[in-house]
Structure formats: C-alpha cells, structure tokens
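See structure below.
Both backbone and side-chain heavy atoms feed into the values below; hydrogens, waters and symmetry mates do not. For ligands, and for the atoms within them, numbers begin at 1 and follow the listed sequence. Nothing fancy with the numbering, it's 1 onward along the sequence.
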Amino acid sequence: MNNDAMIEYWNGEAGQKWVDQSNRLDTMLAPFADQVLDAAAIQSGERALDVGCGAGVLTLGATERAGGETGSLGVDVSAPLLDLARKRASEAGSPATFERADASTFTVEDKLDLMISRFGVMFFEEPDTAFANIRAQIRSGGRMAFMCWQALPMNDWAFAPFQAALPLLKQAPPTPDPTAPGPFAFADKDRVAGLMADAGWRDVSIEPFTTQMTLPGGDVETSARFMLQLGPLSRLIAEQDLDPQAILTAVIDRLSSSVQADGQVAMASACWLVRAKA
Ligand SMILES: C[S@@+](CC[C@H](N)C(=O)[O-])C[C@H]1O[C@@H](n2cnc3c(N)ncnc32)[C@H](O)[C@@H]1O
C-alpha cells in the first residue's frame, strides 16, 4: 500500500485552500500547537522532526523553543504548503528546514531528538509501518508528542455543520471506515496505543485535551463560509452539485447558537495528546 491518494489530495485543491486560509487556520489551531510544544518540553539545542508540518508553524515554534540556533525539520508531502513554510522561515530568519517527503518512508542521516506533530499523522495507509519508520529517525532515548482528533461527534466544530447540511443532501454520504486515512482516523485511543506499541514506541501515554475552539471570522456568517470552504462539506457540495447558498443558510442557522458575546463562534473540540519514548 502507498499514500498516493493522500499525496495527490494535499498537492491539489486541498493544499491550496490550506495555503489560502493559513493565517486563519493557524490562529484557530494555535492552542493545539502550544499544547504539543509544552508536552514536548524541548531543551536548548534540540532538533524536532515535525511530521505533516504543513505551513510550518510547529516547526518554527520548536526551533524557537530550542533557542533559535538549531533548526528543527518539517516534513510534508504538500508542495504548496512547504513553499509557504519556507517563506515563513526565511521571513522570520529561522534556521528551520523543510523537506518534501512521505514521512512513512523518508530517512535522515542525523537522527533527531524528538518527533512532534499537530494533526499531521492521521493520513497514512499503514500507520504502524509509518510510525516504525518515524521512530527510526529519532535518536535512542528520544521522544514524541503529537495531537490528533477524537471522534467526529466529539468535535462539534466539524460535526455540527455536517449535521446541518444532512437534510439538504441529494443522497446520504457513505458511512466512512473509521480507520481510513483522514482527520479522524486516530479517534480510537486503544487502536492508537496498539499502533504505537507495534511500531516500537515505549511508555505510550494518551490523554484527552478538550477546549472551545474559536472559528475564524468575527461574525457567524464569516465562520460558516469558512466551514464550507474546508473539509468534508466542500467536497459534498461539489460531488452532489448542491446549492451552496442553501447549505450556507443551514450552517449559519446551526452555528448561531454558539455565538459568543464578542460575536465570534466557539465550538467544542476534543483531541488526544499522545506521548511516547523512542
Ligand atoms: C491537517 S494538515 C496539518 C498541517 C500542520 N501540521 C498544521 O497543523 O498546520 C495535515 C498535513 O499532513 C500532511 N501529510 C499527509 N500525508 C503525509 C505523509 N504521508 N507524509 C508527510 N506529510 C503528510 C499533509 O500534506 C498536510 O500538510
């Protein structure tokens, strides 16, 4: 098995949308980056391997926490996201480096101190093989800390817009395989623990992290438009040739109950913070 389908996906429209929305996404996902970096407890001079680094925020953060002299390494398959990551590093004068590679097969000459990731590790066809390969790039005595999503119904920010759109679909979406590569592939904590153990990681700990996530946009319509652009809804609208305005109205209606005093929309999110030793 290979990761060709996901590689194509992240180099196509999806990758470009993440680039276009990168500042808003990074603001929305900032609390999760902080959690991973805190859990990683990066020491001065250490180098982290950021798997599925996207536009590089975590790689840059890890480099800064290590003192800013030694560059961490971000690995990703997406050319457009890596272009943005390199631009950000250059603008920040950061020694962080980025490599276009499939993390399940790539190798390094100088092993790194630790592996980190914010939502970049759920896209492998064979996660046990991928995590064994990633472990082989980390020095003995090294460690890992990554964040992945719990199940979709625990993540109202993604589930609620989807539910709002359901009555407007021309046909019911296929029931997804819960372990298929995708954002929610690591929802089952016991499965993740087993995968990490099979891949040779030791002392695996998996803790919940839940928070109210503030969606981009200062008002409910902007937030709803954002949710329609990224993720499963945008794909369904295209696949089923749906009326985007009708879906938008339904999503605005559903998100209205989550508007805060400042006009922003905040919704429940639930993740796993996974830690282990190499
Ligand atoms: C949800 S995005 C997260 C990006 C980034 N970590 C962040 O938090 O902004 C998932 C990332 O994983 C990358 N990815 C998917 N499969 C990969 C693979 N086999 N090897 C390396 N990166 C991969 C995608 O290209 C994408 O940038």
Side-chain angles (χ1 to χ4, degrees), residues 1-37 39-40 48-63 72-89 96 98-108 115-134 137 144-149 152 155 157-158 180-187 195 199 209 213 216 229-232 234-235 269 271-274:
M1 283 226 181
N2 60 44
N3 296 312
D4 286 355
M6 276 294 158
I7 293 171
E8 194 182 331
Y9 176 78
W10 286 104
N11 280 286
E13 211 183 320
Q16 194 51 51
K17 277 187 185 168
W18 268 69
V19 169
D20 296 343
Q21 300 292 334
S22 57
N23 290 337
R24 291 166 128 197
L25 279 162
D26 282 329
T27 303
M28 177 173 90
L29 300 178
F32 307 99
D34 292 343
Q35 284 292 319
V36 172
L37 292 174
L49 170 64
D50 180 6
V51 173
C53 64
V57 146
L58 200 66
T59 326
L60 295 172
T63 300
S72 284
L73 171 65
V75 169
D76 203 289
V77 292
S78 170
L81 279 162
L82 286 168
D83 285 348
L84 178 57
R86 292 192 182 102
K87 182 166 171 272
R88 284 175 163 179
F98 296 94
E99 190 176 323
R100 186 177 179 191
D102 181 340
S104 65
T105 51
F106 101 117
T107 56
V108 290
M115 173 249 157
I116 53 174
S117 184
R118 178 183 74 176
F119 307 132
V121 292
M122 303 87 83
F123 303 94
F124 303 120
E125 282 288 343
E126 292 181 357
D128 48 352
T129 313
F131 269 91
N133 180 60
I134 291 165
Q137 313 315 315
M144 68 131 101
F146 74 78
M147 191 77 90
C148 57
W149 298 111
L152 177 64
N155 283 284
W157 62 273
F184 300 100
F186 278 12
L195 284 172
F209 174 70
M213 189 166 83
Q229 273 181 51
L230 290 160
S234 65
R235 229 170 304 151
S269 72
C271 301
W272 297 122
L273 175 60
V274 182

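In terms of polar-atom proximity, Ser104 is not counted as a contact of ligand 1, lacking any N or O under 3.5 Å from an N or O of the ligand. Residue Arg118 places at least one N or O, backbone or side chain, under 3.5 Å from an N or O of ligand 1.
A heavy-atom distance below 4.5 Å is found between the side chains of Phe106 and Val75.
Distances below 4.0 Å separate heavy atoms of Asp102 from the following atoms of ligand 1: 18 (C), 19 (N), 20 (N). Counting atoms of ligand 1 from 1 in the listed order, those under 4.0 Å from a heavy atom of Phe119 are 1 (C), 2 (S), 3 (C), 10 (C). Close approach of ligand 1 to Ala101 is summarised as follows: ligand atoms under 4.0 Å from at least one heavy atom of the residue are 20 (N), 21 (C).
Of the possible donor and acceptor atoms, none in the side chain of Asp102 sits under 3.5 Å from a partner among the backbone N and O of Val77. Checked by atom type and distance alone, the side chain of Asn133 never pairs as donor or acceptor with a backbone atom of Thr107 at under 3.5 Å. The main-chain N or O of Pro31 is never found under 3.5 Å from a side-chain atom of Gln35 such that the two would form a donor-acceptor pair. Using modelled atom types, no side-chain atom of Ser117 and backbone atom of Phe146 make a donor-acceptor pair closer than 3.5 Å. Counting only distance, with no hydrogens or angles, the side chain of Thr63 and the backbone of Thr59 share a donor-acceptor pair below 3.5 Å.
Atom CD of Glu8 sits in a sparse spot, with 12 or fewer heavy atoms from other residues, nucleotides or ligands closer than 6.0 Å.
For atom 2 (S) of ligand 1, the nearest non-hydrogen atom from the set Phe124, Phe106, Trp10 belongs to Trp10. Comparing Ala79, Gly52, Ser117, Ala14 by heavy-atom distance to atom 6 (N) of ligand 1, the nearest is Gly52. Which of Val121, Val36, Val77 comes nearest to atom 17 (C) of ligand 1 through a heavy atom is settled by distance: it is Val77.
The closest approach between Ala33 and ligand 1 stays at or above 4.0 Å for every heavy atom of the residue. The closest approach between a heavy atom of Leu81 and any atom of ligand 1 is below 4.0 Å.
Under 4.0 angstrom from ligand 1, there are no non-hydrogen atoms of Met6. Contact annotation: for Cys53 versus ligand 1, heavy atoms closer than 4.0 Å belong to the backbone alone. Contacts between Asp76 and ligand 1 below 4.0 angstrom, taking non-hydrogen atoms only, involve backbone and side chain alike. Proximity of Phe32 to ligand 1, defined as any heavy-atom pair under 4.0 Å, is not found for any part of the residue.
Nearest heavy-atom pair, Arg118 versus Leu58, reported as atom, atom and distance to 0.1 Å: N-CD2, 3.6 Å. Contact record, Phe184 with Ala158: CZ-CB, 4.1 Å, taken as the closest heavy-atom pair.
Between Trp149 and Trp157, the ring planes lie tilted relative to each other; the angle falls in the 30° to 60° range.
The shortest contact between atom 16 (N) of ligand 1 and any protein heavy atom is with Phe123 CB, 3.6 Å. Scanning the protein for heavy atoms near atom 20 (N) of ligand 1, the closest one is Ala103 N, 3.0 Å.
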